[in-house]
Amino acid sequence: MTGMDEGVARPGGALRVRNPQDAGAGLFLLAVAAFALWKGADLPLGTLRSMGAGMLPTSLAVLVGAFGLALIGFSLVQDGPGLDRWRLRGPVFILGSVVVFALLIRTVGLAVAGPVSMLVSCFATDEVRWKEAIIFSLGMTAFCILLFKVMLSLPIPVLTLSLPIPLRF
Amino acid sequence: MDLFSNLALGFSTVLKLVPVNVPVLGLMPLPVNILLCFVGCLIGTLIGVLPGVGPIATIAILLPITFGLDPTGALIMLAGIYYGAQYGGSTTAILVNIPGEATSVVTTLDGHQMAKQGRAGVALGIAAIGSFFAGCVATVVIAALGLPLTKLALLFGPAEYFSLMVMGLVFAVVLARGSVMKALAMIVLGLLLSTVGQDLESGQERLTLGLQDLSDGIDFAVLAMGLFGFAEILRNLESPETRDVVKGAIGRLLPSRQDFRESFWPVVRGTGLGAILGILPGNGAVLGPFASYTLEKKIAKEPRRFGRGAIEGVAGPESANNAGAQTAFIPLLTLGIPPNAVMALMVGAMTIHGIIPGPQVMTKNPTLFWGMVVSMWVGNLMLLVINLPLVGLWVKLLKVPYRLMFPAILIFCCIGIYSINNNPADVLFTAFFGLVGYVLIKFSFEPAPLLLGFVLGKLMEEKLRQALILSRGSFSTFVERPVSAGLLVVAAIMLVLALLPSIQKGREEVFTE
C-alpha cells in the first residue's frame with residue numbers, strides 16, 4: 001500500500017492549486033482591479049447622496065478584485081481544468097494585421113492597406129497558399145472599395161500619400 | 001383599433017416609395033426600405049451560413065454597410081441582417097452539424113440526422129416554415145405588448161429601472177453557459193469598462209489613461225468587434241472545426257402532407273414557449289429551443305425517434321428559436337434594456353444612428369418603431385421566399401475554406417471600425433480588445449455577459465445616482481418601493497437557485513445535451 005500514498009491528496013499538507021485555469025482567471029481579474037484602482041485613485045469618491053466621479057469605478061474595481069480572490073480561493077479546494085496552451089502566432093499576426101491596417105489607412109489608403117494587412121494575417125496559419133492569398137486579397141480589396149466607397153460612399157481614403165510628417169520644400 | 005392603425009403605419013413605412021437617382025434610368029420611385037430589408041436578409045444569411053461566424057459576428061461585420069443610410073432604413077436593414085444571420089445559423093446546424101449559436105444547438109440533434117437520411121431539404125423547409133409562423137405570431141405579440149409596456153416603462157422611477165436592470169443581468173448570468181461566478185465577474189468587468197470616459201455629472205476624466213480618444217468612453221462597436229470578431233478568429237484558428245458537410249442530395253424542400261401533420265402542433269407549442277421566454281429580460285430566448293425540444297420529447301408517442309431525425313425535433317425548437325429571437329426585441333424597444341448580446345449590438349447600432357433605445361422611441365419616432373416591427377414580419381417572409389430557393393448556394397458557401405474567410409472577415413471589421421468615426425485609433429483599440437478577448441477565452445470566461453454589462457453600465461449608473469439623490473443617499477429606497485423590491489427579490493431567488501449544487505448540475509445537463 002505504500003506505493004499508493006503519493007497519488008492521494010494529503011490532508012493538512014501545503015496548499016496546492018487544483019484548478020490552474022480558475023487560478024489564472026482570478027489573477028487576471030486581480031490585475032485588472034489593481035490597475036483600475038491605481039488609475040482611479042485620484043478621482044473623488046463623494047458620498048452616497050452625491051456620488052463623486054470615482055465612486056463607481058472604485059467600487060466596481062473592488063468587486064472585480066473580490067471575484068478574482070474568490071476564484072483563486074476556490075481553485076485551491078476544487079479540482080478543475082489545467083491552463084490552455086497559449087500560442088503567440090495567431091494573436092501576433094492577426095492583431096498585427098489590424099495594427100498595420102490602422103497605420104496604413106490614413107497614410108496610403110485602402111488600396112494598399114487592404115492587401116497588405118490581409119497578407120500579414122495569412123502568416124497566422126499553415127494552410128495558406130500564397131498565390132491564392134495574393135489574388136484573393138487584391139480581389140477582396142477591390143470589392144471593398146466598390147462596396148464601401150462607390151456604392152455606400154463612406155469617406156474612406158482609397159489611395160493617398162499623406163505622410164504622418166508633412167513634407168515641405 | 002390602435003393595433004391595426006399602428007401596423008398600418010408600419011406597413012406604409014416599409015412600403016414607402018422614395019425617389020432614387022438610379023444610374024442610367026434617372027429618377028425612379030423605389031420602395032427603398034423593403035429593398036433594404038431584402039438585401040439585409042440576403043447578406044445576413046450569406047455571412048451567417050459561413051461556419052464559425054455566429055449572428056453576433058455577422059451583425060458586427062455588416063454594421064458598417066448601414067452607416068450611410070437614414071436611421072429607419074438602417075434599422076430595417078439590420079433587422080433583416082439579424083433574421084438572415086439567425087436562419088444562417090440554423091442552416092449550418094442542419095447541414096454541417098455546427099450550431100451558429102446557442103439557440104440552434106438543439107437543431108443539430110435531429111436536423112443533422114434528417115440531413116444524413118437525405119431529408120436535408122425537408123428539414124430546412126420545415127425550419128423556414130415554422131420560423132415564418134413563429135415570426136407572424138411574434139410580430140403581433142410585439143405590436144400588442146409594445147404600447148402597454150412602454151406606458152409601464154414611463155411610470156418607472158430610477159429605483160425601479162435600476163432594479164429591473166439588475167434582474168436582467170442576473171437572468172443573463174443564470175442562463176449563460178459555464179460557471180456562474182465567472183459570468184458574474186464578467187458582468188462586473190463590463191460595468192467597470194462602461195465607467196471609462198467622462199463622468200456624467202462633473203465631466204471629470206475617469207480611467208482614460210490620459211488618452212483623448214477615450215474621453216467619450218470606450219466605443220461599443222470597438223469592444224464588440226474586438227471581443228467577438230477578432231477573438232473568434234483567434235479561437236477558430238487554434239481549434240479548426242471538423243466540417244461534417246452533408247454529402248449527396250438535399251432532397252425535396254417542401255415537406256409532405258404527413259410532415260406537416262406531424263409538425264403542426266410542435267410549431268404552435270414552440271412558438272408559444274419561445275415567444276414567452278423571449279420576453280424575459282436576460283436572454284430568455286436561449287431557453288426556448290431547449291424547452292420546446294424537451295416538451296416534444298416528453299409528449300411524443302415514441303420518444304426514441306428523437307435524435308434520429310424526428311421532424312418534430314426540428315419544427316418545435318426552430319419555431320421557438322425564431323419567436324424568441326423576435327420577442328427579445330420587446331425589452332429593448334420598450335424598456336431600452338437589451339436582453340442578450342445580439343440585442344446589445346443592436347443598441348450599439350441604434351446609438352450610432354443617434355437613436356437611444358427606450359420608451360421614448362415609440363412616442364417620439366413612431367414611424368421608425370412600427371416600421372421596424374413590420375419589417376420583422378417582412379423579413380420573415382423574405383427568408384421563406386429567398387432562402388429556400390438559394391439552398392444550393394448556401395451549400396457551396398459552406399465549403400469556403402477558413403484560410404480565405406478570416407482575412408475577409410478581418411478587412412471588413414477593420415473598414416467598419418474605421419468608418420464609425422473615421423479614426424484609425426479606434427482600429428488600434430479594437431486590436432487591443434481582440435487580445436483581451438483571447439485572454440478571456442483562454443481562462444474560459446464568456447464574453448457575452450461582459451458586453452451586456454458594458455451596454456447597461458451607463459444607464460445603470462445614471463439611474464443609481466438619480467435614485468440615491470432622490471432618497472438622500474439611502475439604499476433602502478430599492479427595497480422600500482414595492483415594484484423595485486419585487487424585482488430584486490426575483491433576481492435574488494434566481495441567483496440562489498442557480499448556485500444550488502443540484503440545480504447547477506441540471507443546468508450543465510441542459511447546456512450539454
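Predicted model, so just to flag it, every value in this text is computed and none were measured. Sequence lines set the chain letters: A, B, ... in the order given, protein chains first and strands last, and positions in each chain run from 1.
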Exactly one of B:I417, B:V427, B:L428 clears side chain to side chain contact (heavy atoms under 4.5 Å, CB included) with A:V98, and that residue is B:V427
Minimal heavy-atom distance between A:A36 and B:L192, with the atoms involved, is CB-CD2, 4.0 Å
Tested for side chain to side chain contact (heavy atoms under 4.5 Å, CB included) against B:P424, the lone hit among A:I105, A:L103, A:L104, A:T107 is A:I105
Closest non-hydrogen atoms of A:S117 and B:I411, given as atom of the first, atom of the second and distance, are OG-CD1, 3.8 Å
- request: Using a strict cut-off of less than 4.0 Å between a Lys/Arg side-chain nitrogen and an Asp/Glu carboxylate oxygen, indicate whether A:E132 and B:R403 qualify as a salt bridge.
  value: yes
When the 4.5 angstrom heavy-atom criterion is applied to A:V32 and chain B, the contacting part is side chain
Most contact-rich option vs chain B, by heavy-atom pairs under 4.5 angstrom, among A:V128, A:T141, A:I156, A:D42, is A:I156
inquiry  = Could you check whether atom CG of A:L88 has more than 12 heavy atoms from other residues, nucleotides or ligands sitting under 6.0 Å from it?
reply    = no
Turns out that what part of A:S121 lies under 4.5 Å from chain B's heavy atoms comes down to both
Given B:L468, B:V196, B:V188, B:T66, the one with more heavy-atom pairs under 4.5 angstrom with chain A than any other is B:V188
What one should report as the nearest heavy-atom pair of B:F443 and A:A25 is CD2-N, 3.5 Å
Cut-off 4.5 Å, heavy atoms of chain B, and the answer for A:L119 is neither
Practice item. Look at the rings of A:W86 and B:Y438 and say which category their plane angle falls in: under 30° parallel, 30 to 60° tilted, over 60° perpendicular. Key: perpendicular
So CD1 of B:I43 and CG of A:L147: to nearest 0.5 Å the spacing works out to 8.0 Å
So CD1 of B:I415 and CG of A:L110: to nearest 0.5 Å the spacing works out to 4.5 Å
Shortest non-hydrogen pair, A:P157 vs B:Y418, comes out as CD-OH, 3.5 Å
Counting heavy-atom pairs under 4.5 Å with chain B, the top scorer among A:G68, A:P44, A:G26 is A:P44
One should read off an interatomic distance between B:N236 CG and A:T125 OG1, to the nearest 0.5 angstrom, of 11.5 Å
Looking only at B:L191, B:L189, B:N422, most heavy-atom pairs under 4.5 Å shared with chain A are made by B:N422
Heavy atoms of B:E238 and A:R87 approach each other most closely as OE1-NH1, 3.4 Å
Under 4.5 Å to a heavy atom of chain A? For B:Q198 that would be neither
The interface call for A:R89 against chain B, heavy-atom contacts under 4.5 Å, is neither
Assert top hit (heavy-atom pairs under 4.5 Å, partner chain A, pool B:I233, B:L184, B:L470) equals B:L184
Under 4.5 Å to a heavy atom of chain B? For A:A70 that would be both
Applying a strict 4.5 Å limit to non-hydrogen atoms, the region of B:I65 in contact with chain A is both
| Would you find a donor on one side and an acceptor on the other, under 3.5 Å apart, between the side chain of B:R206 and the backbone of A:P57? | no
With chain A, the option among B:D199, B:T430, B:I441, B:L404 that has the most non-hydrogen atom pairs under 4.5 Å is B:L404
- Query: Is it the case that more than 12 heavy atoms not belonging to A:F93 sit under 6.0 Å from its CZ atom?
  - Reply: yes
Check the pair B:F412, A:F148 against ring pair (Phe, Tyr, Trp, His ring centres under 6.0 Å), reporting the backbone distance first and the verdict last. CA-CA 10 Å; B:F412 256 72; A:F148 292 105; 5.5 Å; yes
CG of B:L207 to CG of A:L43, rounded to nearest 0.5 Å, is 6.5 Å
If one checks every heavy atom of A:S137 against chain B at 4.5 Å, the contacting part turns out to be neither
CZ (B:F230) and OG (A:S97) are apart, to the nearest 0.5 Å, by 7.0 Å
Sub-3.5 Å donor-acceptor pair from the side chain of A:R106 to the main-chain atoms of B:N423, do we have one? no
So, the part of B:F432 with a heavy atom under 4.5 Å from chain A: the answer is neither
Nearest heavy-atom approach of B:A431 to A:L95 is O-CD2, 3.6 Å
Are A:F35 and B:L209 close enough that some pair of their side-chain heavy atoms sits under 4.5 Å apart? yes
Pair count under 4.5 Å, heavy atoms only, with chain A: among B:T208, B:L410, B:I469, B:L440, highest is B:L410
Highest number of heavy-atom pairs under 4.5 Å with chain B among A:R129, A:K39, A:R85, A:M140 belongs to A:R129
Does B:K182 reach the side chain of A:F67, with side-chain heavy atoms less than 4.5 Å apart?
no
Between the CE atom in A:M118 and the CD1 atom in B:I409, the distance rounded to the nearest 0.5 Å is 10.5 Å
Most contact-rich option vs chain A, by heavy-atom pairs under 4.5 angstrom, among B:Q204, B:R465, B:K442, is B:K442
